[in-house]
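Heavy-atom basis, side chains included; hydrogens, waters and symmetry copies ignored. These numbers were taken from a predicted model, which means no experiment stands behind them.
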Amino acid sequence: MSAVSTAAILFAVPAYAQDSSTENNLLEMEEIVVSSSRIKKSGFEAPTPVTVLGGDDLAARGATNVADIVNELPGFTGTITPTATVLNSRGSATNVLDLRGLGGNRNLVLVNGRRHVPTDEFGVVDINVVPTLAVSRIEVVTGGASAAWGSDAISGVIDIRYDDQLEGLKAEAQYGISDEGDNENYRVSLAFGANVAEGRGHVLIAADYNESKGLPDARGREWSREHWGIIANPDDTGPNDGIAANMFAPDVKLFIASPNGVTLPDGTALGNLEFMPGGTAVSRQLGDVIGGVFMTGGSGAYFGDQTALAIPLERKNIMAAFNYEVAEGLNFYFEGNAGQSASEGALIDSFIFGETIKSGNPYLPDSVQAEMDASGTDSISLYRTNSEFGAITSVSKTQNLRFVAGFDGEFSNGWTWDVYYQYGRVDFSNQQTNNMIPGNLSLAADVVTDPVTGEAVCASALSGQNPNCVPINLFGVGSPSAAAIDYVTGTSISDTKLRQDVVAATVNGDLFEGWTGPISTAFGVEYRKESLKREVDDVSEQAGFLITNAQPLEGEYNVKEGFGEVLVPLLNTDTGQSLSFNGAVRYTDYSTSGTVLTWKTGLTFDPIEELRLRGTISRDIRAPSIGEVFLKTLLLFENIENPFTGNVDFTKILNTGNSDLQEERALTKTFGVVYSPNWLEGLRLSVDWYDIGISDAIQSISSSAIVQGCFEGDDAFCDLVAFEPDNTIASVTNRLLNLGTYDVRGLDFEAQYQTVLNNGATLGVKLLGSYVYDKNIAPDGANEENYAGDVGAENIFGLPKWKARGNVAYQTEKYGLFANVRYVGAGKYNVLWGPEQLSDEDNNISAQVYVDLSAQYQLREWIEVYAGVNNVLDNDPPVAPLDFISPQVTNPVHYDVVGRSFYFGVRTQF
């Protein structure tokens with residue numbers, strides 16, 4: 001119970017907790033491997049900023065997942081979470097950590113200092129497979145660390161550390177529910193640790209079970225049922241008229257389709273019809289405002305109603321760790337874990353945008369057929385959303401297996417060493433149920449009357465070309481038969497297997513005595529091999545489904561690395577000042593992209609006892625992933641404007657991976673100040689500046705942009721375009737290229753104070769803040785835009801300029817109180833828009849403040865009850881609609897879509 005009462009005070013234990021001399025240090029130990037460094041050294045604090053979350057910080061917040069608490073840190077963006085992946089057909093309900101908003105594949109996830117096996121083809125790690133109760137702390141390196149840890153550590157490193165000191169049994173059971181009576185969640189966790197063999201060994205076993213019922217559809221919240229959206233402004237008269245071209249509006253529906261089926265207005269008697277159940281057609285009621293594909297009011301479709309607000313998720317994890325002193329100076333260790341996460345989230349109803357219905361179709365209403373005969377019309381185009389088919393639903397399961405076995409020890413001269421083998425495997429299966437097959441739909445919609453039986457049949461079945469075709473009636477809700485629905489829908493399937501093998505060795509110690517102290521070093525070698533194979537169903541391979549169509553993928557790479565790091569004290573602390581240099585270098589040889597050298601240099605300087613200055617500069621990389629290199633070519637077709645001829649060409653588009661990709665390169669700079677005044681014990685203040693500049697970022701651009709680039713004389717783009725002799729575009733190869741640039745600059749703030757009050761209670765205050773003033777992105781390497789302060793969902797690169805997290809904790813011997821405040825700063829719906837695109841009233845999104853409260857009470861020495869309320873004020877998210885075929889009212893990446901929720905539980909320890 002003291003774990004909660006004490007560590008909750010520190011919330012996020014600061015980097016200075018790495019100093020073993022610090023009073024009241026919760027992580028006190030003789031030596032600790034800090035995630036920003038490979039060097040083991042008592043009292044050594046690396047110059048790269050590190051924030052440490054105690055495992056009990058999860059307990060103070062009632063977090064059921066490591067990602068829940070890490071994503072509260074201001075430097076992180078919840079880009080991929082169960083609430084932010086509701087329109088992600090393959091990655092639904094995954095939890096990926098995204099530091100600096102640069103993508104989950106540009107920060108490296110470690111477990112106990114070792115790289116975790118990726119859970120998809122792009123190299124990201126789904127945190128759902130990491131057990132929660134076994135975690136003792138989470139170290140976040142908020143700066144480049146590729147020289148220490150290798151590829152992907154561009155924006156930083158997240159190192160999840162298990163509790164290898166646990167003695168006894170601890171257990172937790174927790175239940176949660178929202179204020180609306182939904183989003184129920186359950187968690188049961190156990191962990192057991194014990195010393196064995198008279199203290200020569202230690203064993204740790206832990207298991208987690210967590211289930212969240214989620215919010216299965218968007219109608220679960222009143223603010224979502226208002227159906228706010230962004231549509232074209234009908235009052236706009238053109239550029240520079242002072243009237244915004246777009247506007248926010250409630251009751252936004254899909255104009256181009258309805259569940260009954262419609263024709264679009266065309267000025268004829270066959271235009272603007274709606275087909276009602278029972279075989280009748282009426283004049284369609286149009287909305288008050290029609291803009292683009294949407295309108296307000298009228299007869300249309302609320303296309304986003306089927307989309308989940310929070311995807312239901314079930315997680316199971318188990319882990320075991322064992323270490324044993326085989327002999328003096330020789331230790332064996334083993335670590336293994338298995339995890340499974342499963343989710344099922346509705347995406348959208350399938351849709352038909354312009355299906356040809358021929359004259360003579362027996363399902364056509366009589367009045368429509370008569371008008372077609374009278375006007376000599378051969379066909380009409382039907383627009384429909386298919387509510388009867390059932391929403392296309394993403395069903396995913398991830399299974400993870402990982403184990404490590406190794407030896408470590410100490411030589412007689414005090415040097416330490418470590419050698420290990422790690423095996424990791426992930427099996428990821430994904431299905432989209434109720435996925436429409438447009439080719440079958442076209443066959444089923446081409447209906448004629450069998451001259452022999454008088455029954456409605458497919459024309460292709462009557463001719464004998466497709467005897468299995470089932471005719472479909474698309475006129476009016478409820479008209480399609482079950483047999484027809486079965487024929488035009490199916491389940492798209494992909495099964496992916498990833499494997500990782502790692503062998504590594506590290507040596508650590510003092511080289512020799514320098515002029516102010518020992519010169520310390522760490523160096524080692526590492527070999528890693530990763531492979532992936534994905535199999536898909538036949539229809540997907542032929543791009544035959546309405547959405548997703550995952551493609552087969554198979555590839556592997558290996559990497560050989562050698563690394564070294566040095567710590568050189570430059571000033572003697574006896575003088576009242578200290579100065580030390582920390583440098584690292586890593587040589588890497590990838591079988592795919594070749595060799596690269598990464599490095600880091602840093603200084604820490606204490607001019608006085610109370611003040612520390614720290615700074616680093618580093619070269620960091622991200623190597624291309626298997627998915628980016630080995631993606632199989634997918635053939636599609638697209639109408640491309642041909643600037644060479646002025647025509648529009650119907651062109652083959654070859655979407656493919658790129659075996660010539662090189663690594664992304666980043667130059668990362670940090671500078672910080674840490675102030676711990678003697679005049680107020682327990683106070684610590686810090687501010688750190690960072691600049692992460694990425695070149696050769698792996699990006700794709702549109703096929704039209706490739707053609708335009710060739711027209712403007714860029715030979716690299718012309719290599720991707722094939723022409724016919726008459727300059728007609730025959731094909732465009734659209735593959736990933738090293739052409740993007742990213743540059744992110746900002747400041748991180750931290751303030752902490754803790755004290756013991758006169759009554760013996762402990763009071764702690766903690767504030768973490770982040771200010772991003774530049775996020776300059778140029779996907780094509782040329783046209784750079786600053787997305788700092790963009791909080792809408794239009795631009796995938798946006799993030800708030802200001803974010804903060806503050807805590808206050810009060811702890812007595814029997815009970816504790818905890819308050820948490822989360823702040824998301826004001827921003828723009830779209831930073832690229834001015835008043836001509838969107839009014840200031842709509843474009844300015846207000847700041848959001850979320851308040852969370854919790855308390856715990858110790859009933860007995862061995863049992864504690866706790867409870868909490870998240871989003872106490874029940875804040876609705878701001879209106880920041882997504883302009884997509886399935887619109888969303890707000891941006892769930894930044895804002896809470898659940899509302900007020902409660903949890904309570906019991907924890908015990910023996």
**Q.** Shortest non-hydrogen separation from Ser212 to Asn185 and the atoms involved
**A.** CA-CB, 3.9 Å
Q: Please test Tyr810 against Tyr815 for side-chain contact (heavy atoms from CB on, under 4.5 Å), starting from the C-alpha separation and ending with a verdict.
A: CA-CA 9 Å; Tyr810 178 81; Tyr815 67 90; 3.8 Å; yes
Q | Main-chain N/O of Ala522 paired with Asn508 side-chain donor or acceptor, under 3.5 Å | A | no
Q) For the side chain of Gln422 and the backbone of Arg115, is there at least one donor-acceptor N/O pair under 3.5 Å apart? A) yes
Q. More than 12 foreign heavy atoms under 6.0 Å from CD of Glu513: is that the case here?
A. yes
Q. Looking at residues at least two apart in the chain, or sitting in another chain, which of them share a ring pair (Phe, Tyr, Trp, His ring centres under 6.0 Å) with Tyr175?
A. Tyr186, Phe904
Q) Residues in side-chain contact (heavy atoms from CB on, under 4.5 Å) with Lys316, at least two apart? A) Tyr209, Glu314, Gln340
Q. Are the charged groups of Asp606 and Arg612 less than 4.0 angstrom apart, N to O?
A. yes
Q) Looking at OG1 of Thr142 and CG of Asp748, how far apart are the two atoms once the value is rounded to the nearest 0.5 Å? A) 5.5 Å
Q.
For Asn759, is the CG atom crowded, meaning more than 12 foreign heavy atoms sit under 6.0 Å from it?
A. yes
Q | Gap separating the CG atom of Asn807 from the CG atom of Asn820, nearest 0.5 angstrom | A | 4.5 Å
Q: For Lys497 and Asp427, run salt bridge (Lys or Arg N to Asp or Glu O under 4.0 Å): C-alpha distance rounded to whole Å, both residues' side-chain angles, the deciding distance at 0.1 Å, then the answer.
A: CA-CA 5 Å; Lys497 298 184 185 300; Asp427 293 348; 3.7 Å; yes
(Q) Just verifying a value: how many Å separate Asn331 CG and Asp408 CG, rounded to the nearest 0.5 Å? (A) 4.5 Å
**Q.** Qualifying residues under ring pair (Phe, Tyr, Trp, His ring centres under 6.0 Å), relative to Tyr423, sequence neighbours excluded
**A.** Phe403
Q: Calculate, to the nearest 0.5 Å, the distance between atoms CD and CD belonging to Glu861 and Gln909 respectively.
A: 10.5 Å
Q.
Given 3.5 Å as the limit, does a donor-acceptor pair link the side chain of Arg38 with the main chain of Ala148, or not?
A. yes
**Q.** Closest non-hydrogen atom pair, Asn870 against Asp852
**A.** CA-OD1, 3.3 Å
Q: Identify the two heavy atoms, one from Ala147 and one from Thr598, that lie closest to each other, and give their separation to 0.1 Å.
A: CA-OG1, 3.7 Å
**Q.** Set of side chain to side chain donor-acceptor pair (under 3.5 Å) partners for Asn71, sequence neighbours left out
**A.** none
(Q) Measuring from atom CG of Leu683 to atom CD of Glu610, what distance do you get when rounded to the nearest 0.5 angstrom? (A) 10.0 Å
Q | Residue pair Ala145 / Val157: nearest heavy atoms and the distance that separates them | A | CB-CG2, 3.7 Å
**Q.** Residue pair Asp208 / Arg187: nearest heavy atoms and the distance that separates them
**A.** OD1-NH2, 4.1 Å
**Q.** Counterpart residues, side chain to side chain donor-acceptor pair (under 3.5 Å), relative to Arg586 (two or more places apart)
**A.** Glu561
Q) Can you tell me if Asn678 uses its side chain to pair, donor with acceptor, with the backbone of Glu681 under 3.5 Å? A) no
Q: Quick one: list whatever passes side-chain contact (heavy atoms from CB on, under 4.5 Å) with Asp163, sequence neighbours left out.
A: Ser136, Gln165, Leu166, Lys170
(Q) Run Ile863 and Val906 through side-chain contact (heavy atoms from CB on, under 4.5 Å) and show every step you take. (A) CA-CA 7 Å; Ile863 190 168; Val906 58; 3.7 Å; yes
Q. Roughly how far, to the nearest 0.5 Å, is CZ of Phe76 from OG of Ser155?
A. 7.5 Å
Q | Presence of salt bridge, Asp57 and Arg805, under 4.0 angstrom | A | yes
**Q.** Verdict with supporting geometry, Asp68 and Arg61, salt bridge (Lys or Arg N to Asp or Glu O under 4.0 Å)
**A.** CA-CA 9 Å; Asp68 296 340; Arg61 288 286 292 114; over 6 Å; no
Q) Passes side-chain contact (heavy atoms from CB on, under 4.5 Å), Arg425 versus Val117? Steps please. A) CA-CA 7 Å; Arg425 174 166 177 162; Val117 57; over 6 Å; no
Q) Parallel, tilted or perpendicular for Phe411 and Trp417, by the 30°/60° rule? A) tilted
Q) Salt-bridged, Glu556 to Arg499, with N to O below 4.0 Å? A) no
Q. Can you check whether Glu325's main-chain N or O pairs, donor with acceptor, with Arg200's side chain at less than 3.5 Å?
A. yes
Q) For the rings on Phe332 and Phe407, is their centre-to-centre separation under 6.0 Å? A) yes
Q | Other residues, nucleotides, ligands: >12 heavy atoms within 6.0 Å of Lys560 NZ | A | yes
Q: Answer yes or no on whether Lys814 is positioned over the face of Tyr857, meaning its NZ or CZ is under 6.0 Å from the six-membered ring centre and within 45° of the axis.
A: yes
Q. Sequence neighbours excluded, which residues qualify as salt bridge (Lys or Arg N to Asp or Glu O under 4.0 Å) partners of Asp688?
A. Arg614
Q: Look only at the side chain of Asp126 and the backbone of Asn95, and say whether a donor-acceptor pair between them is shorter than 3.5 Å.
A: yes
Q) What pairs with Tyr903 under ring pair (Phe, Tyr, Trp, His ring centres under 6.0 Å), at least two apart in sequence or on another chain? A) none
Q: With sequence neighbours excluded, tell me which residues meet side-chain contact (heavy atoms from CB on, under 4.5 Å) with Thr616.
A: Pro47, Thr48, Thr670
Q.
I'd like to check the side chain to side chain donor-acceptor pair (under 3.5 Å) partners of Thr604; sequence neighbours left out, ordered by chain and number.
A. Ser580
(Q) Checking the side chain of Thr521 only, and the main-chain atoms of Val566 only, is there a donor and an acceptor separated by less than 3.5 Å? (A) no
Q: For Asn65, enumerate each residue passing the side chain to side chain donor-acceptor pair (under 3.5 Å) test, keeping only those at least two apart in sequence or located in another chain.
A: Asn128
**Q.** Residues in ring pair (Phe, Tyr, Trp, His ring centres under 6.0 Å) contact with Tyr587, at least two apart in sequence or another chain
**A.** none
